[in-house]
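Worksheet: one structure, shown below.
Since we're looking at a predicted model, the values are computed, not measured. Throughout, a chain's letter reflects where its sequence line sits, starting with A, and its residues are numbered from 1.
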Amino acid sequence: RKEVEQDPGPFNVPEGATVAFNCTYSNSASQSFFWYRQDCRKEPKLLMSVYSSGNEDGRFTAQLNRASQYISLLIRDSKLSDSATYLCVAEGASKIIFGSGTRLSIRP
Amino acid sequence: NAGVTQTPKFQVLKTGQSMTLQCAQDMNHNSMYWYRQDPGMGLRLIYYSASEGTTDKGEVPNGYNVSRLNKREFSLRLESAAPSQTSVYFCASIRDRLSYEQYFGPGTRLTVT
């Protein structure tokens with residue numbers, strides 16, 4: 001079993017829709033969690049950190065469920081520019097593990 | 001600030017050749033990392049350096065060596081390239097281990113024939 005698992009997608013949704021994806025992690029000692037965005041053939045860029053209380057940044061909301069060991073990312077009012085691969089990351093005991101990513105495609 | 005820079009951007013090697021990938025950051029970050037990314041897979045850690053003068057193996061270190069030349073620079077060396085090392089290589093840095101927010105370089109696309 002992978003330490004960090006994501007549905008690879010692709011998620012293909014119309015502009016303006018709300019889309020959510022989850023990511024599960026297996027190491028219960030993981031302390032820090034992140035979502036990164038990666039455009040085609042580019043480097044990953046930090047989208048947001050995920051805090052225990054959940055956090056929101058504009059149209060993006062991230063939540064952490066420690067009991068079930070998953071984190072989620074919700075994108076509201078999706079834009080064409082949101083098309084990318086979203087990488088989930090868990091850190092624990094100084095070990096940083098990336099998920100394989102979820103591809104999102106927004107259609108006009 | 002340039003952030004994290006990597007050279008070269010592209011490289012083609014023949015099996016058995018050697019090369020060094022260069023990475024530098026100007027953010028005064030303590031920790032630096034080398035990852036490889038293959039199609040359909042997440043980033044896999046090759047080596048990391050928690051601070052100047054220290055290096056540690058990651059998940060896939062075989063076939064690679066690293067040098068943390070100073071606080072700014074962290075290089076990755078392939079001594080005898082193999083086709084299985086065809087990949088995109090990313091360097092990353094973090095300020096300190098209280099915050100694991102990583103900043104990535106633009107990547108090096110390496111093909112080994």
Dump the intermediate steps for side-chain contact (heavy atoms from CB on, under 4.5 Å) on A:R41 and B:R109, then the final yes or no.
CA-CA 9 Å; A:R41 301 178 73 78; B:R109 283 177 166 66; 3.1 Å; yes
By a 4.5 Å heavy-atom criterion (distance strictly below it), what part of B:Y35 contacts chain A: side chain, backbone, both, or neither?
side chain
More than 12 foreign heavy atoms under 6.0 Å from CD of B:Q85: is that the case here?
yes
How many angstroms lie between CD1 in A:I97 and CG in B:L43, if you round to the nearest 0.5 Å?
11.0 Å
Examine whether an atom of A:Q38 lies under 4.5 Å from a heavy atom of chain B, and if so say whether it belongs to the side chain, the backbone or both; otherwise answer neither.
side chain
May I have the step-by-step check of side-chain contact (heavy atoms from CB on, under 4.5 Å) for B:Q102 and A:F34, ending in yes or no?
CA-CA 10 Å; B:Q102 293 191 303; A:F34 307 91; over 6 Å; no
Using non-hydrogen atoms only, which part of B:E59 is less than 4.5 Å away from chain A: side chain, backbone, both, or neither?
neither
Based on non-hydrogen pairs under 4.5 Å, which of B:P106, B:G107, B:A92 is most in contact with chain A?
B:P106
Answer with yes or no whether the hydrophobic clustering places A:F60 together with A:L104; edges join I, L, V, M, F, W, Y residues whose side-chain heavy atoms lie under 4.5 Å apart.
yes
Find out if a path of hydrophobic residues (ILVMFWY) with successive side-chain heavy-atom gaps under 4.5 Å connects B:V60 to B:W34.
yes
Rounded to the nearest 0.5 Å, what separation is found between the CD atom of B:Q37 and the CZ atom of A:F98?
9.0 Å
May I ask whether B:F10 and B:V4 are part of the same hydrophobic cluster, defined by side-chain heavy atoms of I, L, V, M, F, W, Y residues being less than 4.5 angstrom apart, directly or through others?
no
What part of A:P8 gets within 4.5 angstrom of chain B, counting heavy atoms only: side chain, backbone, both, or neither?
neither
Within a strict 4.5 Å, meaning less than it, do heavy atoms of the A:I96 and B:Y33 side chains meet?
yes
State whether the number of non-hydrogen atoms from other residues, nucleotides or ligands found under 6.0 Å of A:R103 atom CZ is greater than 12.
no
In the single-linkage hydrophobic clustering (I, L, V, M, F, W, Y; side-chain heavy atoms under 4.5 Å), do A:V4 and A:Y36 co-cluster?
no
Establish whether A:M48 and A:L87 are linked, either directly or via other cluster members, by ILVMFWY side-chain heavy-atom contacts under 4.5 Å.
no
Is there side-chain contact between A:S49 and B:E101, with at least one heavy-atom pair below 4.5 Å?
yes
Side chain to side chain, B:F104 and A:K45, heavy atoms closer than 4.5 Å:
no
